[in-house]
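Report on the following structure.
This structure is a prediction, so every number in the text was calculated from the model and none was measured. Counting starts at 1 for both ligands and their atoms, following the listed order.
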Amino acid sequence: MRYHRMIHLYFFITWIGFLIGPALLPANAFRITQFISPETCGECHSEIFNQWKHSLHNLSQKDPVYLSVAKYIRKGLIDQNEIAEAESCVKCHVPVGVITGYPQKTSDDEKKIPEIANQGIQCDYCHSATSAEKMYNNGLQLSPGNGEEAPGVKRGPFHDSESDFHESAFSEFHTGSEICGTCHNVKHVAYMTDLETTYDEWKNGPYNHNKDPDKRITCQGCHMYQRPGLPATGSTQRIKNRGVASDDGPVREHIFTHYFVGGNRFVPGLFDDRTKPEMADERLKHAASLAIETDRIKDGKLEIVITNIGAGHDLPTGLTDIREMWLEIEIRDKNQKKVVYTSGKLDKDRYLPDDSIIYRTVFGDGKGNQVWNIAEAKEILSDKRIPPLKSITETISLPQGKQTGLSVHVKLLYRSAPQKIVDQVAGKGKFILPVVTMASAERDF
Ligand code: HEC
Ligand code: HEC
Ligand code: HEC
Ligand code: HEC
Ligand code: HEC
């Protein structure tokens, strides 16, 4: 019996190893002492350090929303494929730990994670990268130095960069979307279901400009141009950020910023970061446009058009099974001064009604039943999102076919996750996720 179990275990490990092994750097590829702490880099790159500090890259292992979800989805799993997925989160969320030996599994004791690895996706990790071996589940290949005594080569966008501390080298890899895309494309480790496809959405979209690389707008072209007051989206200017890369370095035409802000208006604020929540707000407010089509009010039907004007990928992107982007509609009868139609209004618990118009993906268990635990995701049941520079038209039937005397109010709203799921995962009321108004429109008929 015991022998049989061992055989099973052996085959299982070999099989998982076959699936993910050749793609991953082995656990003992590097030693933790080879990596230099972000604080050390910050001694000369102080501005970049301050931008990166409390970014979601810095917080990828400390983010309490991530930690609660990771623990919750691991509970009660018995299927080995599903356990393998639930244990794979650290590959991207604690990458320095994984390639230096600890942690290897999501459920490994957090308290034993070395301090440097706890700092998430950090300076020395990204700037030691040389290439991506595959474009999903973190295929980054690395060539780090040997700690502060021999820092090795830091790779970046400059051809002529010099530092007394480390060697520098131009790296074309750092100037393209692939360095981001290898993590911003997530597949289930066993079922290969596409769980996140931000890079693919960008690659197949208009900002890639396949035929003309000079016109291409990379991830960096939006996300590493943003700074407070300058959202740098597809619908706003992406003005160059003149300045210095290191405190005593030469002035350069553009210094790529390191805030790495997306739609998360919540988590950096838990760490007393006041800047990044505001920047997420600015980014979200320039992502979409909303229009009520007056001339199309026919047969008691109203048309609302939502366009992705600012994001280089679908709206929403990333974890689109839990991100919540929806329409809130209220129609009032002006004469009777009462509300005659609503959709997408939060209830007293801040939960969204089931019949709301939501843009998202829904995963299934392989038999057509909805699952929200990504470890169980065998199929995509539905995918309703807005690709870059594309529109979706929603048709609303007006109450009793009425066409006049009505006042229509529509909002496009965003929240990082349904409050119901957050309550279930973290405990009711522990985290109250903010709702951002991305766009709004009003019209009287
Ligand atoms: C997620 C990966 C990532 C992380 C983490 C990261 N960087 Fe960068 N960094 C880049 C990329 C990519 C570029 C170049 C962008 C381009 O050319 O399109 C860059 C550019 C730079 C440059 C050149 C000057 C500039 O900003 O344009 C310096 C210096 C730098 N980073 C230092 C740091 C330091 C210090 C940290 C930590 C506080 C850090 N980086 C964290 C990816 C990263
Ligand atoms: C003792 C000061 C000092 C420290 C510490 C330091 N750097 Fe630098 N670094 C510089 C200077 C100076 C430059 C040149 C700036 C320029 O060319 O504009 C530079 C340039 C860079 C570049 C640009 C390379 C290129 O060719 O594009 C990167 C990337 C970089 N540093 C990353 C790091 C990382 C990561 C760390 C921590 C592991 C670090 N630096 C620590 C001083 C330092
Ligand atoms: C044309 C500008 C633009 C480009 C190019 C772009 N983005 Fe974005 N990105 C945005 C905007 C605007 C948002 C905010 C709306 C949203 O959340 O989707 C955003 C949001 C995000 C988010 C947060 C999504 C969420 O809601 O959780 C991530 C992650 C992200 N981008 C990663 C990337 C990556 C990786 C690339 C390259 C493959 C990229 N972006 C290219 C504009 C851009
Ligand atoms: C090693 C894997 C990895 C690499 C490389 C990486 N990212 Fe990320 N990124 C993550 C993870 C993991 C998170 C989310 C952490 C969290 O929310 O707990 C994240 C978060 C983000 C966010 C914030 C999303 C939000 O919801 O607000 C943006 C924006 C982003 N990354 C852009 C980039 C860009 C641009 C690059 C390339 C220069 C890049 N990332 C490279 C793993 C990576
Ligand atoms: C291949 C890389 C990769 C792996 C593996 C990965 N993630 Fe992530 N994770 C990301 C990226 C990239 C983001 C940011 C996307 C976004 O903001 O929409 C993210 C964001 C998150 C967030 C959102 C956090 C917040 O504050 O809103 C949660 C929760 C999360 N991941 C859970 C997990 C869990 C649980 C696992 C393991 C089952 C896992 N991730 C495995 C790349 C990864």
Within the structure, is a non-hydrogen atom of [X] found at a distance of less than 4.0 Å from ligand 5?
X	result
K187	no
E196	yes
S88	yes
T106	no

Donor on one side chain, acceptor on other, N81 and E85, under 3.5 Å
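Checked: N81/E85 side chains show no N/O donor-acceptor pair below 3.5 Å.
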
To the nearest 10 degrees, calculate the angle at atom 8 (Fe) of ligand 4 involving NE2 of H57 and NE2 of H184.
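Rounded to 10°, it measures 170°.
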
Who's closest to [atom] heavy-atom-wise, of [options]?
atom	options	answer
atom 19 (C) of ligand 5	L56, I73, L319	L319
atom 43 (C) of ligand 1	S46, C126, G176, S37	C126
atom 4 (C) of ligand 4	C183, G263, S60, A129	C183
atom 38 (C) of ligand 5	A84, S68, P64, C89	C89

Atom 8 (Fe) of ligand 5 contact by H93, N, O or S atom under 2.8 Å
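Within the cut-off used here (under 2.8 Å), H93 does place an N, O or S atom near atom 8 (Fe) of ligand 5.
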
Please could you name the atoms of ligand 4 that I179 approaches to less than 4.0 Å, counting only its heavy atoms?
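So the atoms of ligand 4 that pass are 5 (C).
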
Under 4.0 Å from a heavy atom of Y125: which atoms of ligand 4 are those, numbered in the order shown and with their elements?
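That gives atoms 1 (C) of ligand 4.
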
Considering both backbone and side-chain atoms of [X], is one of its nitrogen or oxygen atoms within less than 3.5 Å of a nitrogen or oxygen in ligand 5?
X	answer
N264	yes
D63	yes
R323	yes

Tell me whether C123 has at least one N, O or S atom under 2.8 Å from atom 8 (Fe) of ligand 1.
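Not a single backbone or side-chain N, O or S atom of C123 is under 2.8 Å from atom 8 (Fe) of ligand 1.
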
So, is H258 placed with an N/O/S atom under 2.8 Å from atom 8 (Fe) of ligand 1, counting both backbone and side chain?
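Of the N, O and S atoms in H258, at least one lies under 2.8 Å from atom 8 (Fe) of ligand 1, which means yes.
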
Where on H127 is there a heavy atom closer than 4.0 Å to ligand 1, on the side chain, on the backbone, on both, or on neither?
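Side chain only.
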
Quick check, are the ring centers of F170 and H159 under 6.0 angstrom apart?
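Distance test on ring centres: under 6.0 Å, yes.
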
Short N/O distance, under 3.5 Å, between C92 and ligand 4?
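It does not: no N or O of C92 is found under 3.5 Å from an N or O of ligand 4.
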
